[in-house]
Amino acid sequence: MPARTFDGQVLRTARRALDLSQEALGRSEGVEVDQSAVAGWESGGFPQPERLPAIARALGQPLDTLFPRDGLPDLADLRADAGYTQRSTGALIGTKSSIPVSNAERGVRRLKAEFVSRLAEAYGVTEKQLEAAQDRSFGVSPAAPPVPRSLAEKLTYLLETTFPAGQPTDDQIAAAVNRFAGVEVVSASAVEALRTGTPPPAEVLAGLAAGVVLEGLAGFFGVTPLYFQSDEELERQVVDAIGLLAVRAGSEDFALAARGGQDGLDPAMLAKISAIVAEARQQKAGPR
């Protein structure tokens, strides 16, 4: 099964929306096939994977939108997404032969370190992303990544997982946050500071304290602002919220509602909620 989903009807709809003929699409740079080939794709055929980026460009749509990926990429997928044939990879790694890349894509022999860096640059990905793709080509299950804790780690994680084919620049991120805020609250250099864990400027610290910077970042990456909160802050908010519910509902009513109003509630989750409620009541009562 191809790594990217291809639907001939979707291709036809996108082409017709631009009033583009099959022949004109076939003549597009990087596509370079005759009209019958395009007709075949729209009738149930499948183009070579390395042509998909050129088709998406010709139709003015993002590759991931027009041809969404079914799973994470292996080495062959990264090559195809960059628009290269396997035969052309010898020049990319500085050899006369594409055999090293072919062997790696088939899970026969891993790439040399210098080939990894050259291919990563050619494919427009990081060496870490290319190594992960190589692991998938060899059938190696990736180890569970460490849970990001700091703001810098969380930003790095979102950049690597949300934009695997090309990460946005610090300028682009700053512009998005400033649009959200309606005023300039961060610069590209400030975003770099947040991303790398170096102390940001004072005005950015003020924006962080007010929440507008984190809300803007959350909107850009499509996550809840709570994602950027520390574990301690999240726990405090949960305790405060459930404690307020317990006070409003009354201690007995709250316990009954939790047990009787949630059919099939996981016992472990119920125990956690009960513990949090108990802690909230204890904090409200104060030391005895």
Side-chain angles (χ1 to χ4, degrees), residues 1-8 10-11 28-33 37 40-41 45-59 61-148 153 155-169 195 221:
M1 177 178 290
R4 287 195 176 276
T5 300
F6 179 85
D7 188 326
V10 171
L11 175 64
S28 300
E29 183 179 0
V31 182
E32 299 167 358
V33 296
W41 299 340
F46 189 86
Q48 293 172 299
E50 57 266 21
R51 280 200 170 97
L52 295 182
I55 295 172
R57 286 194 301 271
L59 296 175
Q61 295 199 31
L63 179 61
D64 288 329
T65 299
L66 194 60
F67 309 118
R69 180 174 300 291
D70 182 17
L72 295 172
D74 59 17
L75 278 177
D77 299 330
L78 288 185
R79 171 179 54 75
D81 283 357
Y84 291 107
T85 64
Q86 191 179 83
R87 182 175 297 180
S88 67
T89 56
L92 299 179
I93 60 176
T95 68
K96 294 181 179 180
S97 173
S98 62
I99 290 178
V101 175
S102 173
N103 284 339
E105 289 184 359
R106 292 183 293 115
V108 175
R109 181 176 298 172
R110 286 184 173 270
L111 294 165
K112 295 180 179 179
E114 61 265 32
F115 294 167
V116 168
S117 59
R118 292 172 185 172
L119 279 185
E121 182 178 1
Y123 293 170
V125 298
T126 65
E127 292 185 24
K128 182 179 178 181
Q129 290 170 331
L130 193 129
E131 290 280 16
Q134 180 169 225
D135 284 343
R136 286 188 282 272
S137 293
F138 280 78
V140 177
S141 298
V147 177
E153 290 172 347
L155 288 174
T156 299
Y157 174 79
L158 287 174
L159 285 167
E160 292 180 348
T161 57
T162 308
F163 305 96
Q167 297 178 7
T169 64
R195 181 173 52 77
F221 288 106

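These numbers come from a predicted model, not from an experiment.
Shown here for F138 and A104, the closest heavy-atom pair between the two residues is CE1-O, 3.5 Å. Closest approach of P53 and G83 over heavy atoms only: CG-N, 4.2 Å. When all heavy atoms are compared, the tightest approach of A54 to G30 is CB-C, 3.5 Å. Nearest heavy atom pair, residue S117 against residue E127, reads CB-OE2, 3.3 Å. Scanning both residues, L63 and A56, for their nearest heavy atoms gives CA-CB, 3.9 Å.
A salt bridge does not link D74 to R106: none of the charged side-chain nitrogens sits closer than 4.0 Å to a carboxylate oxygen.
With hydrogens and angles ignored, the 3.5 Å screen pairs a side-chain donor or acceptor of R79 with a backbone N or O of Y84. Of the possible polar contacts, one joining the R4 side chain to the F67 backbone as a donor-acceptor pair under 3.5 Å is found. No side-chain donor-acceptor contact under 3.5 Å links R87 to the backbone of S98. S137 places a side-chain N or O within donor-acceptor distance of the main-chain N or O of L75, the cut-off being under 3.5 Å.
With a 4.5 Å cut-off on side-chain heavy atoms, L111 and L130 count as touching. With a 4.5 Å cut-off on side-chain heavy atoms, T89 and Y123 count as touching. L52 is not listed as a side-chain neighbour of L66, based on a closest heavy-atom distance of 4.5 Å or more. Side-chain contact between V147 and Y157 is absent, with no heavy-atom pair separated by less than 4.5 Å. Between E131 and Q134, some side-chain heavy-atom pair lies under the 4.5 Å cut-off.
Residue E32 qualifies as enclosed at atom CD: its count of foreign heavy atoms under 6.0 Å is above 12. Atom CD of E29 sits in a sparse spot, with 12 or fewer heavy atoms from other residues, nucleotides or ligands closer than 6.0 Å.
With rounding to the nearest 0.5 angstrom, the CD atom of E50 is 10.0 Å from the CD1 atom of I55. Atom CH2 of residue W41 and atom CD of residue Q48 lie 8.5 Å apart, to the nearest 0.5 angstrom. To the nearest 0.5 Å, atoms CG (L92) and CD (Q86) are separated by 11.5 Å. L11 contributes atom CG, which lies 9.5 Å from atom CD of Q61 (distance to the nearest 0.5 angstrom). With rounding to the nearest 0.5 angstrom, the OG1 atom of T126 is 12.5 Å from the CD atom of E121.
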Are D77 and R136 close enough, and set up right, to give a side chain to side chain contact (heavy atoms under 4.5 Å, CB included), and what steps lead you there?
CA-CA 11 Å; D77 299 330; R136 286 188 282 272; over 6 Å; no
Residue pair E160, Q167: steps toward the side chain to side chain contact (heavy atoms under 4.5 Å, CB included) verdict:
CA-CA 7 Å; E160 292 180 348; Q167 297 178 7; 3.7 Å; yes
